[in-house]
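Structure first, commentary second.
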2 protein chains.
Amino acid sequence: MNPNDLNERKLQILQAIIADFISTGEPVGSRSLSKSHDMGISPATIRNEMSDLEEMGYLTHPHTSAGRVPSDKAYRLYVDELMDTSQLDEADKQKIRTKLMESRNELDSTIEHAAELLSDMTNLTSFVLMPRKDESKLKYINFLPVDSNTVVLMIVAEDGQVMNRAIRLTSPYTEENLQLMSKVMTHNYMGKSISAVMAMDIIDSFTNDMESLSSLAADVVPSFLKTLEKMLNADLVMNGYSNIFSLPEFSGDMQKTQQFLRMLEDKNRLTDVIVNRDKGVMITIGDENSEDMKDLSLITADYRVNGELVGRLGVIGPTRMKYGKVTSVIKYISDNISQTFELKENNDIKEEIENDGSTEADS
Amino acid sequence: MNPNDLNERKLQILQAIIADFISTGEPVGSRSLSKSHDMGISPATIRNEMSDLEEMGYLTHPHTSAGRVPSDKAYRLYVDELMDTSQLDEADKQKIRTKLMESRNELDSTIEHAAELLSDMTNLTSFVLMPRKDESKLKYINFLPVDSNTVVLMIVAEDGQVMNRAIRLTSPYTEENLQLMSKVMTHNYMGKSISAVMAMDIIDSFTNDMESLSSLAADVVPSFLKTLEKMLNADLVMNGYSNIFSLPEFSGDMQKTQQFLRMLEDKNRLTDVIVNRDKGVMITIGDENSEDMKDLSLITADYRVNGELVGRLGVIGPTRMKYGKVTSVIKYISDNISQTFELKENNDIKEEIENDGSTEADS
DNA sequence: GTTAGCACTCAGGTGTTGAGAGTGCTAACA
DNA sequence: TGTTAGCACTCTCAACACCTGAGTGCTAAC
């Protein structure tokens, strides 16, 4: 359990095995290990140490005459103690900065770009959770006429989120009713959080107090609720799901591949898993995950907008992944997003370059 | 070429081969054919006919001692002349109607449901193109303040489409400037189509005429253009991409599967292909498609909203698919969407059921 | 024109075999 | 006492041969 169980040499051997296995995907044997990493020790000695490591649960054996493979426990140790998380060279950093800068005025595109970068640079499947809005407060509700029996519901929240949805009415409306409806709803829900509004008994308040609106309300309220729900549901953007085909652990095994893709297709489930992870950089390996991801690893990190923790991004792939590199990439990207969307006060250095001095506006 | 080249018996045999192959996926031989379809003819005779059919290009041979497989030309003949497009039983129809009814007030969810239905019932990968907006005209443009350096741009079109996007400004704004900007832009672009606005020289008009807005404009206009572009880009919803794993043509062949999934991952390309298809139900088989889809078939159909052709839906899968069934499903779904979103005047029969008479509103 | 018979072909499954990589154990060594 | 060489043993994997079943094409008879 305790890494202190392992003497220096065991640690060194374990690290070498993990490094070799991560880069090749093949079980590593004592002989080849003693060749590739010159550690002044014979294969036989390595075998003895390996045998110990296996007994301690750090290594496993696919079959008698195969080399050793790191266990989830070994990866855990590696991630906690051994790996190098500063594996990004300047070129990689530059690439990330450039791509994220391209769209630095718009959160949505930035986030899409982040997902692309993430899957490109790790060669894994990446995902980004769009900003969460649980506690965002409603600002106003508006109905726009479209045609004789269609209106658009528009919900605007204080944090700038706008959500809209076309609604077909079962009975005609009047302009006045529509405006009244907008006013009443805005009045009722302004400043309240989405979840608070959803908990209210909305239909009733209309049938009781505002009879002239009750027919319109009957059409509109269900859509209103659904739209609120949609605002709550964090939107998951994914990228690079076909990357797994280039990984040996999948390319031989159709069933595994299918399982993986089916798992990804269940976005709700995946969103759930991601939402419920710890803050900060979190790495879960193999059986630390739930059953259906028990031979996958998940690495996630948060990003902030205006200093507030709003979203999460990460990758999913086989337990054999380049933890060091991947973690560095994720960290760098999430930090970069957070910085880009820092409060204005804190980053007037770079931003002002674009601004050629003709500023007239002033709040 | 001409199906009239084929006498009654050849047609019958061809149809039988296609039917068998579609349902099993195995090359069909003369002997097994004479067993399964009793057509009072010996295997030897069938062999002779098959040989003729092969010479005419309707059948191929994976190798000497395998059975026959229909060619793309055979499928084309089958689709044009032989297949039965009324293969939906009442249960299927019911299922479609029910699911689409669930969300009949909201176009967006209806369309998502349509994609789900389509992939479920065909066991293929389905896609639905959201309503197209090339010619929709702008109604107004609005900017909502969010925080000291973020605003939300909101574009509303006459057809009820609303698009919004958060913009971070490089310099502060004033409420007045924001409102002025909304007014000016609304005034300039109201009633113009999206494509027309995109063709205009927007930045210039601000730097010349409205100096006080030029700094704000510099921040806002690029995002405005990007947003318009996004409104133009038809949004593609896909479903059931992992269905292909259950098909024998893929489940043996990793490379083919990978190719298929990579093709699906390039949404822009796929959208392009779908947008450029003919109106109505269109079936393209194998090499009738572009190179990268040359052993796939594509079936698409349009749906209308308020009588206007707005979107398209369909499936993609191996050339061996149940053309009759699939076509029936697609047709039924697209008709159903179109009906559900018919102009109110034409479908007051069903709709009124939900409406319990307390209608007060009246246009 | 249709059919039975027959020689021929080929993919795919099964069994065998040998090479290669690896382990574990033992005995000798420093 | 820890380290190492040597060796027997194990297991996978690729190659090879072989067989079977399904199918074809051709020919000759009906």
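In what follows, chains carry the letters A, B, and so on, assigned in the order in which the sequence lines appear, proteins first and then strands, with residues in each chain numbered from 1.
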Once you round it to whole Å, what is the distance between [atom2] of [N] and [atom1] of [X]?
X	N	atom1	atom2	result
B/K35	D/dA22	NZ	P	8 Å
B/D52	D/dC26	CG	P	12 Å
A/H63	C/dA21	NE2	P	13 Å
A/R47	D/dG2	CZ	P	18 Å
A/N48	D/dG6	CG	P	16 Å
B/M50	D/dT24	CE	C1'	10 Å
A/E26	C/dG22	CD	C1'	13 Å
A/E55	C/dT23	CD	P	16 Å

Is it true that [X] and [Y] have a side-chain N and a carboxylate O under 4.0 angstrom from each other?
X	Y	value
A/D292	A/R269	yes
B/R68	B/E54	yes
B/R76	B/E288	yes

Has [X] got a side-chain N or O lying under 4.0 Å from the OP1 or OP2 atom of [N]?
X	N	result
B/S32	D/dA22	no
A/T64	D/dC11	yes
B/T45	C/dT3	yes
B/S42	C/dT2	no

query = Under 3.5 Å, is there an N or O donor on one side and an acceptor on the other linking the side chain of B/R31 and the base of D/dG23?
reply = no
query = Is any N or O donor-acceptor pair between the side chain of B/S65 and the base of C/dC10 shorter than 3.5 Å?
reply = yes
ask   = Picking from C/dT23, C/dT3, C/dG22, which would you name as closest to the side chain of B/A44?
value = C/dT3
Closest to the A/R9 side chain, choosing from D/dT3, C/dT23, D/dG25 = D/dT3
Side-chain donor-acceptor contact under 3.5 Å, B/T284 with B/N289 = yes
Distance-only side-chain donor-acceptor flag, A/Y323 / A/T85, under 3.5 Å = no
query = Mapping A/S30 and B/G40 to their closest nucleotides on DNA chain C, which lands nearer the 5' end?
reply = B/G40
Complementary nucleotide for D/dC30 - Watson-Crick or wobble, under 3.5 Å = C/dG1
